[in-house]
J.: 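Encoded as structure tokens, here's the structure I'll be asking about.
The figures here come from the full heavy-atom set of this structure, side chains too, leaving out hydrogens, waters and symmetry mates.
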Amino acid sequence: MGEFTGKTAWVTGAGGYIGGETAFALAAGGAKVAVCDISEEAVEKTLSRILAAGGEARGYVTDVTDSASVNGAAEKIAAELGGIDIAVHVAGGSARIAGKNARYVPLTEQEDYVIDRVLKVNLYGAMYVSRAAARVMIGQGRGGKIVNFSSIVGLNGLKTCCDYAAAKGGVISFTKSLAKELGEYGINVNSVAPGVVARPGEDGNTEYVYGSNFLHKKCLASDVAGLVAFLVSEKANFITGQAYVIDGGRSLAMKGSD
């Protein structure tokens, strides 16, 4: 039996690289995983991988910027998988998530639709998902674990990413506040702040990947998923309201940026 056997885990952005690895890691630990993403194709990809490995999971197409979609997903997950014990909001991204014409530019040049999209997916999404999960967890009366994805950009800022920095910084403050509200229900709330994470198909020998941290190593999505698995395990039962940085020391001086 795995450490998450008997638990149900809800992972948003589970069709992406980091979200997919997180969903897979929790399933490998025995959790029943609700694979959520806005893309049906992405949901199916992660779902197939989990099922092929012998894990238990179901897919749910969800738009984290739409509270009705999020609330509906939470209700279905709780009914079909026996509740929600773990909620991980991975869905996010910087300007590129606003469309192919979105640009990384100074705030004075940024367009409203980019700011709007970045804030909604990253910050509003975290709030909507955490709220829906908390409602279920409080009703169950058995506690729970919530993890929201931030970024080291939310800690130190980054030029041409004011919208993203604001959203991810907001996630950290939101997580701290929610941890204070939910502690009495036995619900732990934490955030994870990754640095540069290498993606499939990219040259792992580039200076950007290796030179953006002080360990001179490549951070993989599985490394980040391992941190999440720790935070939602019993080993982290006395940890709440914290922002866990996983960046190889990059944020010590934002090495590799400005």
J.: Using atom types as modelled and distance alone, determine if a side-chain donor or acceptor of K176 lies under 3.5 Å from a backbone N or O of G241.
T.: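 Side chain of K176 to backbone of G241: a pair is present.
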
J.: Under 3.5 Å, is there a donor-acceptor pair between the side chain of T46 and the main chain of A14?
T.: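 Yes: the side chain of T46 pairs with the backbone of A14.
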
J.: Report, as yes or no, whether the 6.0 Å neighbourhood of atom CZ on R142 holds more than 12 heavy atoms from other residues, nucleotides or ligands.
T.: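 Result for CZ/R142: enclosed.
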
J.: Would you name the heavy atoms of A167 and V118 that are closest together and state the gap between them?
T.: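 Smallest heavy-atom distance, with atoms named: CB-O, 4.0 Å.
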
J.: I would like to know whether C219 and N213 meet side-chain contact (heavy atoms from CB on, under 4.5 Å); could you show each step before the answer?
T.: CA-CA 9 Å; C219 179; N213 66 79; 6.0 Å; no

J.: Step by step, would you call Q242 with L231 a side-chain contact (heavy atoms from CB on, under 4.5 Å)?
T.: CA-CA 10 Å; Q242 304 304 307; L231 288 174; over 6 Å; no

J.: Got a second to check how far L26's CG is from D85's CG, nearest 0.5 Å?
T.: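 Atom-to-atom, L26:CG and D85:CG are 11.5 Å apart.
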
J.: Check whether any side-chain heavy atom of W10 lies under 4.5 Å from a side-chain heavy atom of V33, and answer yes or no.
T.: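 They are not in side-chain contact.
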
J.: So K45 and E40, salt bridge (charged side-chain N to carboxylate O under 4.0 Å, His left out) or not? Walk me through it.
T.: CA-CA 9 Å; K45 181 179 179 180; E40 184 174 1; over 6 Å; no

J.: Taking atom CG of N148 and atom CD1 of I172, what is their separation to the nearest 0.5 Å?
T.: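 That separation rounds to 10.5 Å.
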
J.: Between C36 and T62, what is the shortest heavy-atom contact and its length?
T.: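 Nearest pair, atom of C36 first, then T62: SG-OG1, 3.7 Å.
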
J.: Report the C-alpha separation of I97 and R117 in whole Å, then their side-chain angles, then the decisive distance to 0.1 Å, and conclude whether the side-chain contact (heavy atoms from CB on, under 4.5 Å) test is met.
T.: CA-CA 7 Å; I97 64 174; R117 184 65 180 169; 4.1 Å; yes

J.: Taking side chain as C-beta onward, heavy atoms only, is D37 less than 4.5 Å from V61?
T.: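 When only atoms from C-beta onward are counted, V61 and D37 do not touch, as no gap falls below 4.5 Å.
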
J.: For I115, what are the other residues in its hydrophobic cluster, where any two members join if their side-chain heavy atoms are less than 4.5 angstrom apart?
T.: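 L107, L119, which link up through side-chain heavy atoms under 4.5 Å apart, make up the rest of the cluster.
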
J.: Does a side chain donor of either S251 or D247 reach within less than 3.5 Å of an acceptor in the other side chain?
T.: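 A pair is found: one side chain offers a donor N or O, the other an acceptor, under 3.5 Å apart.
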
J.: At their closest point, which heavy atom of I187 faces which heavy atom of A134, and how far apart are they?
T.: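 In this case the closest contact between I187 and A134 is CD1-O, 4.4 Å.
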
J.: Quick one: NE2 on H89 to CD1 on I146, what's the gap to the nearest 0.5 Å?
T.: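 The NE2 atom of H89 sits 12.0 Å away from the CD1 atom of I146.
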
J.: Just by distance, do the side chain of T8 and the backbone of L81 share a donor-acceptor pair under 3.5 Å?
T.: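 Looks like yes, one N/O pair under 3.5 Å.
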
J.: According to salt bridge (Lys or Arg N to Asp or Glu O under 4.0 Å), who are the partners of R135, at least two apart in sequence or on a separate chain?
T.: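 For R135 there are no salt bridge (Lys or Arg N to Asp or Glu O under 4.0 Å) partners, ignoring immediate neighbours.
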
J.: Could you tell me if R49 sits above the aromatic ring of F24, with its cationic atom closer than 6.0 Å to the ring centre and no more than 45 degrees from the axis?
T.: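 Here R49 passes the 6.0 Å and 45° test against F24.
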
J.: Holding to side chain to side chain donor-acceptor pair (under 3.5 Å), I want the full list of residues that pass it with Y244, two or more places apart in sequence or in another chain.
T.: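 Listed in chain order: nothing, the list is empty.
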
J.: Are any side-chain N or O atoms of S151 and backbone N or O atoms of K168, one a donor and one an acceptor, separated by less than 3.5 Å?
T.: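 Pair absent, no side-chain N/O of S151 close to backbone of K168.
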
J.: Please name the pair of heavy atoms, one in I77 and one in A34, separated by the smallest distance, quoted to 0.1 Å.
T.: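 That would be CD1-CB, 3.5 Å.
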
J.: How long is the straight-line distance from CD of E111 back to CG of D163, given to the nearest 0.5 Å?
T.: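 The distance works out to 11.5 Å.
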
J.: Name the residue from I86, V11, T22, I18 that meets the side chain to side chain contact (heavy atoms under 4.5 Å, CB included) definition with V228.
T.: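 It is T22, the one option of I86, V11, T22, I18 that forms the side chain to side chain contact (heavy atoms under 4.5 Å, CB included) with V228.
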
J.: Donor-acceptor pair, distance only, cut-off 3.5 Å: does the side chain of Q140 make one with the backbone of I84?
T.: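 Yes, Q140 side chain to I84 backbone: donor-acceptor pair under 3.5 Å.
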
J.: Are the side chains of V88 and F149 in contact, using a 4.5 Å heavy-atom criterion?
T.: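 The answer is yes, as the side chains (C-beta and beyond) meet within the 4.5 Å cut-off.
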
J.: For a quick test of reading the model, state the closest non-hydrogen atom pair linking Y17 to V197 and the distance between them.
T.: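 Scanning both residues completely, I find the closest heavy atoms to be CE2-CG1, 4.2 Å.
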
J.: Under a single-linkage definition using a 4.5 Å side-chain heavy-atom cutoff for Ile, Leu, Val, Met, Phe, Trp and Tyr, are V43 and I38 assigned to the same hydrophobic cluster?
T.: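 Result: no, two separate clusters.
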
J.: Are the side chains of V64 and Y124 in contact, using a 4.5 Å heavy-atom criterion?
T.: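 In short, these two side chains do not touch, never coming nearer than 4.5 Å.
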
J.: Do K235 and F230 make a side-chain contact, defined as non-hydrogen atoms from C-beta onward lying under 4.5 Å apart?
T.: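 Touching, per the 4.5 Å side-chain cut-off.
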
J.: Quick one: does N190's side chain have a donor or acceptor within less than 3.5 Å of a partner on I239's backbone?
T.: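 Here the side-chain-to-backbone pair exists.
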
J.: Do any N or O atoms from the side chain of D116 and from the backbone of D112 form a donor-acceptor pair under 3.5 angstrom?
T.: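 Flag not set: sc D116 to bb D112 has no pair under 3.5 Å.
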
J.: Rounded to the nearest 0.5 Å, how far apart are CG of L220 and CZ of R199?
T.: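 One finds 11.5 Å between CG of L220 and CZ of R199.
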
J.: Any side-chain donor-acceptor pair under 3.5 Å between Y104 and Q110?
T.: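 Q110 and Y104 do not have a side-chain donor-acceptor pair below 3.5 Å.
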
J.: Does S69 use its side chain to pair, donor to acceptor, with the backbone of D63 at less than 3.5 Å?
T.: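 Yes; judged by distance alone, with no hydrogens or angles, the pair exists.
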
J.: Donor-acceptor pair, distance only, cut-off 3.5 Å: does the side chain of K32 make one with the backbone of G6?
T.: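 No; judged by distance alone, with no hydrogens or angles, the pair does not exist.
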
J.: When rounded to the nearest 0.5 angstrom, what distance separates CZ in R131 from CG in L178?
T.: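 The CG atom of L178 is 11.5 Å from CZ of R131, to the nearest 0.5 Å.
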
J.: Step through the shown structure and confirm whether more than 12 heavy atoms of other residues, nucleotides or ligands are within 6.0 Å of CD on E3.
T.: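 Counting other residues, nucleotides and ligands, CD of E3 exceeds 12 neighbours.
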
J.: Please tell me if the side chains of N122 and Y164 come closer than 4.5 Å, counting only heavy atoms from C-beta onward.
T.: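 SC-SC contact between N122 and Y164 confirmed.
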
J.: For the pair M137 and Y185, evaluate side-chain contact (heavy atoms from CB on, under 4.5 Å) and give the outcome as yes or no after the intermediate values.
T.: CA-CA 8 Å; M137 291 175 181; Y185 301 104; over 6 Å; no

J.: Are any side-chain N or O atoms of T240 and backbone N or O atoms of V189, one a donor and one an acceptor, separated by less than 3.5 Å?
T.: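 Yes, the answer is positive, given that a donor and an acceptor are paired below the 3.5 Å cut-off.
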
J.: Determine, for K7 against E234, whether the closest basic-nitrogen to carboxylate-oxygen distance falls under 4.0 angstrom.
T.: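 Result for this pair is no, no salt bridge flagged.
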
J.: If I compare all heavy atoms of A225 with all of A25, which pair ends up nearest, and what's the gap?
T.: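 Looks like CB-CB, 4.1 Å.
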
J.: Can you confirm whether F174 sits close enough to S130 that some side-chain heavy atom of one is under 4.5 Å from a side-chain heavy atom of the other?
T.: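 Result yes, sub-4.5 Å side-chain heavy-atom pair found.
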
J.: With heavy-atom distances below 4.5 Å as the criterion, would you say the side chains of I152 and V196 are in contact?
T.: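 Contact flag for I152/V196 side chains = no.
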
